[in-house]
Amino acid sequence: MDSNIESEELFGAHNYKPLPVVLTRGEGVYVWDTSGNRYIDMMSAYSAVSHGHCHPKLVNILTQQASKLAVVSRAFYSDKLGAFLKKLCELTGQDRALPMNTGAEAVETALKAARKWAYTVKKVPENAAEIIVCEGNFHGRTIAIVGMSTEPQYRSGFGPFPPGFKQIPFGDVKALESAITPNTAAFLVEPIQGENGIIVPPEGYLKACAAICKKNNVLLICDEIQTGMGRTGKFLASDHEGVKPDAVLLGKALGGGLLPVSAFLCRHDVMNVFTPGDHGSTFGGNPLASAVALGALNVLLEENLITQAESSGRYLFTALSKLHSPLIQEVRGKGLLVGLSIKPGYLSAHALCLMLLKLGVLTKDTHGTVIRLAPPLMITTDQIDTVVAAIAQVLSEAEIKVKEGLKQAE
Ligand SMILES: *Cc1c(COP(=O)(O)O)cnc(C)c1O
């Protein structure tokens with residue numbers, strides 16, 4: 001066994017089951033393993049590496065800032081945070097931004113803001129605030145967040161969970177309408193469910209949800225940690241329906257593929273519930289993170305990565321739709337967030353990902369049934385052709401294997 005793998009297996013927690021490849025270098029859409037093999041990265045770290053690996057402009061900003069000033073805490077102002085927050089507000093159309101580090105922290109921030117807004121502005125009775133979430137959601141891994149989940153594995157063994165959350169089916173407007181009570185603070189939703197298998201709701205869903213939330217004085221909070229930053233072909237996925245949520249969450253690609261940077265953005269009247277000491281983070285909004293994240297926003301615009309995600313996403317979607325394989329159940333997604341769902345009874349999506357790895361294409365399944373295709377946004381059509389050819393080859397090899405009755409035991 002590779003010594004790196006051995007050390008991770010021996011000394012690490014087994015909370016992940018990585019594919020058997022040891023990566024050592026990355027550049028743009030490519031990564032290399034320790035034996036020198038090159039791969040096209042179709043995962044981009046769950047969309048955290050939308051700018052590509054080690055983007056030279058962002059690495060330059062990172063190294064310059066790291067040698068100047070990196071971390072000061074929020075006990076003081078810095079000459080980097082304000083410009084970053086201003087740009088974030090301009091791009092999202094929101095009034096204010098609160099910087100955190102990981103996505104889960106941004107979600108926790110949203111939950112706290114929504115509850116306090118409910119008590120102080122909406123006048124919900126103390127400790128009665130409710131937050132509505134969707135079945136199949138993924139918002140992170142803290143206790144409160146897995147408490148909102150409907151995925152048994154995420155929850156099992158981690159209770160008790162904080163109360164005050166209600167789950168409704170995703171994509172069902174009527175369900176939202178009937179779940180709302182006078183105590184409802186917020187509806188927290190992903191415009192497209194990423195981890196659940198790239199589930200795209202019916203057209204007009206978000207717009208209808210926004211109208212219902214508005215009518216009932218309920219905050220619409222869009223978790224755009226995976227769908228934001230141009231991933232779906234617009235800066236925010238909610239832009240596709242012209243929806244301006246009451247609050248937005250960003251993370252993952254906000255750190256330019258270099259650092260964990262996240263943010264909670266909302267209207268003045270929501271953010272104003274926070275007073276000094278209510279909430280915070282030692283590293284949130286540090287000068288290094290702020291400089292890199294501002295750079296990540298600028299690069300997204302300067303290099304037209306958002307429009308590229310739109311056109312390349314269309315190209316990838318069309319190419320995948322032309323594949324004729326009995327193994328394919330559905331191709332779905334928006335922009336460069338695409339899922340290829342595999343019919344049950346054949347090879348698992350996981351087995352197909354292992355076969356793709358051998359052909360130099362890196363990706364991972366979600367839930368064993370969907371192959372996730374979410375490359376860095378600057379992927380070229382030539383590179384997409386290479387990936388689709390590899391997928392076609394793997395599907396036909398898999399078809400032969402299945403026909404021969406060699407169904408692999410996993
Ligand atoms: C990844 C993700 C999160 C959690 O982000 P972390 O940085 O892993 O904590 C939250 N919401 C969505 C939609 C995500 O995809």
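Numbering of ligands and ligand atoms starts at 1, following listing order. Note that the structure is predicted; figures quoted are calculated from it, not measured.
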Between Glu177 and Lys215, is there a salt bridge with N-O shorter than 4.0 Å? yes
Side-chain contact, heavy-atom cut-off 4.5 Å: Asn286 with Lys80? no
Arg74 (side chain) donor-acceptor with Ser281 (main chain) under 3.5 angstrom: no
Write out the residue and atom name of the closest protein heavy atom to atom 7 (O) of ligand 1, then the distance separating them to 0.1 Å. Gly103 N, 2.8 Å
Short N-O contact, Glu195 and Arg372, less than 4.0 angstrom: yes
With no hydrogens and no angle check, is any side-chain donor or acceptor of Asp33 less than 3.5 Å from a backbone partner on Asn37? yes
Mark up the atoms of ligand 1 that fall under 4.0 Å of a heavy atom belonging to Ala104, in ascending order. 4 (C), 5 (O), 6 (P), 9 (O)
Which ligand 1 atoms are under 4.0 Å away from a heavy-atom of Ile225? 2 (C), 3 (C), 10 (C), 11 (N), 12 (C), 14 (C)
Applying a heavy-atom cut-off of 4.0 Å, say which part of Lys252 lies close to ligand 1: side chain, backbone, both or neither. side chain
At less than 4.0 angstrom from any non-hydrogen atom of Gln226, what atoms of ligand 1 do you find? 15 (O)
Report the nearest protein non-hydrogen atom to atom 11 (N) of ligand 1: residue, atom name, distance rounded to 0.1 Å. Asp223 OD2, 2.7 Å
With heavy atoms only and a cut-off of under 4.0 Å, state how Phe138 meets ligand 1: side chain, backbone, both or neither. both
Do Ser156 and Gln153 have side-chain N/O donor and acceptor atoms under 3.5 Å apart? no
Should you measure from each heavy atom of Glu190, which atoms of ligand 1 turn up under 4.0 Å away? 13 (C)
